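Shown next, in structure tokens, is the structure this report addresses.
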Number of protein chains: 2
Amino acid sequence: MKDVAKHFELFLRQRSLRLTRQREAILKAIYGTHRHVTAEELYELLQKAGDAKALRISRATVYRTLSLLAEGGFVQALELGRDRGTLYEHTLGHEHHDHMVCMACGKIIEFHDDELEQVQAAAIRRHGFEATSHRLNVFGTCAKCQEKGKGSAAGEAQAG
Amino acid sequence: MKDVAKHFELFLRQRSLRLTRQREAILKAIYGTHRHVTAEELYELLQKAGDAKALRISRATVYRTLSLLAEGGFVQALELGRDRGTLYEHTLGHEHHDHMVCMACGKIIEFHDDELEQVQAAAIRRHGFEATSHRLNVFGTCAKCQEKGKGSAAGEAQAG
DNA sequence: CTCGAAATGAGAACGAGTCTCAACCGCGGG
DNA sequence: CCCGCGGTTGAGACTCGTTCTCATTTCGAG
Ligand SMILES: [Mn+2]
Ligand SMILES: [Mn+2]
Ligand SMILES: [Zn+2]
Ligand SMILES: [Zn+2]
């Protein structure tokens, strides 16, 4: 986190942007949680945290800073459906991962598979495409929720 | 297309829903294009097509029917970023595929790779998750646009 | 044909995200 | 340590895709 702040400061300097209390607070906030948060959640979080230090941060600034952080690679946006809104997570200190979303309990599970990444990269290259990023979102039922749903009809399966 | 209409009719009957001229027209419209279309594009398309038969279809009905068609598996929604809006494509007669989006020209390229699907399925299963669907979106530069950008600095690369 | 339920149209409402612009404040220079 | 030039912020208006409301229309079983 300390070095993240340093990186951010450098990033800002390189682009002749300023290190403001707001930007610091937002960076700190998103690096202070391991959840996937919406801009609104972050905003509310910052309201409370800021009440103490008398630092008000507007929604606009949260959105603006989140975009800035995304450009700099400090955070990443996740879009899991028009409804859930855009989710953000910090990236430094976390290797790339994909997401599985449980439709029953809403839990978001992160996973990473090297072989998958390699096969994927190969397939993409084979099509003459040059990838800069990708998102794999899997929807279904998590292990826990599979248990709960054992009282009904036996084994189903679907693909979509 | 004829059998798709039959399937749709059956689907509606099973759920005691009605086959209306609007629903027919919308089904026909989305099965009549091979592009990925937004609800709005479809709406405008239907306006023109409907002028002849004096069949007006409201935006609300387009949205409602698209959701219905998605539930029934007749169409699929694609969400490639908060900006582009939700895109729809018909599914019957098309096997599952993933998408690569060219950030330079906006083109959407479909691709399918069996090995990828299998490795993916295995990785997901290994995590105790039961998948019902997934979306893999790859962002980058298409082959054509890679050509165009050959006058500048030599080979770059990035990963995000 | 009749009738009740489902479906539709028009436009209001909603909400995430963006824009506007006057007031504010980082920060390099003196 | 103070100044002043922009970059930055806050509040709220605004955008625009999507959903909701409800009076009216239409499907389709009997
Ligand atoms: Mn994550
Ligand atoms: Mn497609
Ligand atoms: Zn679950
Ligand atoms: Zn291209």
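Protein chains get the first letters and strands the later ones, always in sequence-line order, with residue 1 at the start of each. Computed from heavy atoms alone, side chains included, the values below leave out hydrogens, waters and symmetry copies. For clarity, every value in this text was computed on a predicted model and none was experimentally measured.
Between Tyr63(B) and dT18(D), a side-chain N or O to OP1/OP2 separation shorter than 4.0 Å is present. Taking 4.0 angstrom as the limit, Arg21(A) places none of its side-chain polar atoms (N or O) nearer than this to OP1 or OP2 of dT8(D). Look at Arg18(B) and you won't find any side-chain N or O under 4.0 angstrom from OP1 or OP2 of dG28(D). Between Thr20(B) and dC27(D), a side-chain N or O to OP1/OP2 separation shorter than 4.0 Å is absent. Regarding contacts with the backbone of dG9(C), a side-chain N or O of Gln22(B) is found under 4.0 angstrom from either OP1 or OP2. For the OP1/OP2 pair of dA7(C) and a distance below 4.0 Å, the side-chain nitrogens and oxygens of Arg23(B) include at least one atom meeting the criterion.
Taking atom CG of Leu68(B) as the reference point, atom C1' of dA6(C) lies 12 Å away to the nearest angstrom. One interatomic measurement links the two molecules: CG of Leu19(B) to C1' of dA6(C), which rounds to 13 Å at whole-angstrom precision. When rounded to the nearest whole Å, the span between CG of Leu87(A) and P of dA16(C) equals 12 Å. Distance CZ (Phe8(A)) to C1' (dT8(D)): 12 Å, rounded to an integer number of Å. One interatomic measurement links the two molecules: CZ of Arg56(A) to P of dT9(D), which rounds to 15 Å at whole-angstrom precision. When rounded to the nearest whole Å, the span between CG of Leu80(B) and C1' of dG17(D) equals 15 Å. Counting to the nearest Å, the P atom of dA16(C) and the CG atom of Leu78(A) are 17 Å from each other. One interatomic measurement links the two molecules: CG of Leu42(B) to P of dT18(D), which rounds to 12 Å at whole-angstrom precision.
Between Ala39(B) and Ser58(A), the residue anchored nearer the 5' end of DNA chain D, judged by the nucleotide with its closest heavy atom, is Ser58(A). Taking the nucleotide of DNA chain C with the nearest heavy atom to each of Leu17(B) and Thr86(A), the more 5' of the two is matched to Leu17(B). With the nearest nucleotide of DNA chain D identified for both Tyr88(B) and Leu55(A), Leu55(A) has the one nearer the 5' end.
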Subject >> Glu89(A) and His94(A): CA distance, side-chain angles, deciding distance, side-chain hydrogen bond (donor to acceptor under 3.5 Å, both in side chains) verdict >> reply: CA-CA 10 Å; Glu89(A) 64 183 327; His94(A) 289 275; over 6 Å; no
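In summary, the side chains of Thr91(B) and Gln76(B) do not present any donor paired with an acceptor at a separation below 3.5 Å, with no hydrogens or angles considered. Between the side chains of Glu110(A) and His36(A), at least one donor N or O lies within less than 3.5 Å of an accepting N or O. In summary, the side chains of Gln146(A) and Thr141(A) do not present any donor paired with an acceptor at a separation below 3.5 Å, with no hydrogens or angles considered.
With salt bridges taken as basic N to acidic carboxylate O contacts below 4.0 Å, none links Lys144(A) and Glu147(A).
Contact annotation: side chain of Arg64(B) to base of dG9(C), donor-acceptor pair present below 3.5 Å.
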